[in-house]
J.: 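My questions will all concern the structure given below.
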Amino acid sequence: MYELKITSQFSAAHQLREFQGGCEKLHGHNWKIEVYVTSENLGNDGLVTDFRLIKEATKGVLEGLDHRFLNELEPFENQNPSSENIARHIFESLSQKLNRTGVRVSKITAWESDSACASYMEP
Ligand SMILES: [Zn+2]
């Protein structure tokens with residue numbers, strides 16, 4: 001199995017509802033996002049896929065989150081914009097853009113600080 005990883009980032013504000021702790025108050029994070037793409041086979045060019053395609057698709061998804069108040073966005077109307085849910089939202093959006101025969105987005109990791117991250121992966 002081959003695995004590619006790219007990293008990207010976005011900055012946004014959020015507020016976690018029904019959460020007892022510091023994240024209940026409005027605040028921001030600089031999220032660092034890791035995108036993992038896997039494939040069992042390589043194309044004739046020796047690649048899983050072009051890194052540029054992964055980066056461009058990721059940029060498109062993250063532009064929808066960057067410098068926004070996440071609680072006001074449609075994906076988070078009914079669920080907290082936690083790092084867990086952010087990872088799943090990015091996973092689902094990127095899977096629609098990038099998945100094709102044999103090549104799949106396999107995991108998204110969202111780092112909300114240098115020492116804490118949440119991942120969502122293919123069930
Ligand atoms: Zn937070």
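The residues of the chain are indexed from 1 along the displayed sequence. Keep in mind that the numbers below use all heavy atoms, side chains included, and drop hydrogens, waters and symmetry copies.
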J.: Give, for atom CG of L42 and atom CG of L47, the distance between the pair rounded to the nearest 0.5 Å.
T.: 7.5 Å
J.: Tell me whether the count of non-hydrogen atoms from other residues, nucleotides or ligands lying under 6.0 Å of CD in E24 goes above 12.
T.: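 Atom CD in E24 is crowded, with more than 12 foreign heavy atoms closer than 6.0 Å.
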J.: Hey, is E84 close enough to R88 for a salt bridge, meaning N to O under 4.0 Å?
T.: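 Salt bridge between E84 and R88, a charged N being under 4.0 Å from a carboxylate O: no.
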J.: Pairs under 3.5 angstrom only: tabulate donor-acceptor contacts from the side chains of residues 111-122 to other protein residues two or more places apart or in another chain.
T.:
from, atom 1, to, atom 2, distance (Å)
W111, NE1, E34, OE2, 3.3
E112, OE1, S83, OG, 2.6
S113, OG, S115, N, 3.3
S113, OG, A116, N, 3.3
S119, OG, T109, OG1, 2.6
E122, OE2, R104, NE, 2.3
E122, OE2, R104, NH2, 3.2

J.: Quick one, R17 and P81 - any side-chain contact, counting heavy atoms below 4.5 Å?
T.: yes
J.: Could you check whether atom CD of E40 has more than 12 heavy atoms from other residues, nucleotides or ligands sitting under 6.0 Å from it?
T.: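 It does not: E40 CD has 12 such atoms or fewer within range.
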J.: Is the backbone N or O of R52 less than 3.5 Å from a side-chain atom of D50, with the two atoms forming a donor-acceptor pair by type?
T.: yes
J.: According to a 4.5 Å side-chain heavy-atom criterion applied to Ile, Leu, Val, Met, Phe, Trp and Tyr, with indirect links allowed, do Y36 and L4 form part of one hydrophobic cluster?
T.: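 No, Y36 and L4 fall in different hydrophobic clusters.
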J.: Measuring from L16:CG to F76:CZ, what's the distance to the nearest 0.5 Å?
T.: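 Here the rounded value is 11.0 Å.
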J.: Check whether more than 12 heavy atoms from other residues, nucleotides or ligands sit under 6.0 Å from atom CD of Q96, and answer yes or no.
T.: no
J.: Using 30° and 60° as the class boundaries, would you call the ring planes of W31 and F10 parallel, tilted or perpendicular?
T.: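 Parallel: the ring planes of W31 and F10 meet at under 30°.
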J.: What residue among V105, T49, V48, V103 forms side-chain contact (heavy atoms from CB on, under 4.5 Å) with I54?
T.: T49
J.: Would you kindly confirm whether Y2 and F51 end up in one hydrophobic cluster when ILVMFWY residues are joined by side chain heavy atoms under 4.5 Å apart?
T.: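 As far as the 4.5 Å side-chain criterion goes, F51 and Y2 are connected within one cluster.
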J.: About how many Å separate CD1 of I86 and NE2 of H29, when rounded to the nearest 0.5 Å?
T.: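 Here the rounded value is 8.0 Å.
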J.: Could you list the donor-acceptor pairs under 3.5 angstrom formed between side-chain atoms of residues 59-75 and any protein atom two or more places apart in sequence or on another chain?
T.:
from, atom 1, to, atom 2, distance (Å)
D66, OD1, S11, N, 2.9
N71, OD1, Q15, N, 3.0
N71, ND2, Q15, O, 2.6

J.: I want to check something: taking the side chain as every heavy atom from C-beta on, are N30 and Q9 in contact at a cut-off of under 4.5 Å?
T.: no
J.: If we check side-chain contact (heavy atoms from CB on, under 4.5 Å) with T58, which of these qualifies: T7, L94, I108?
T.: L94
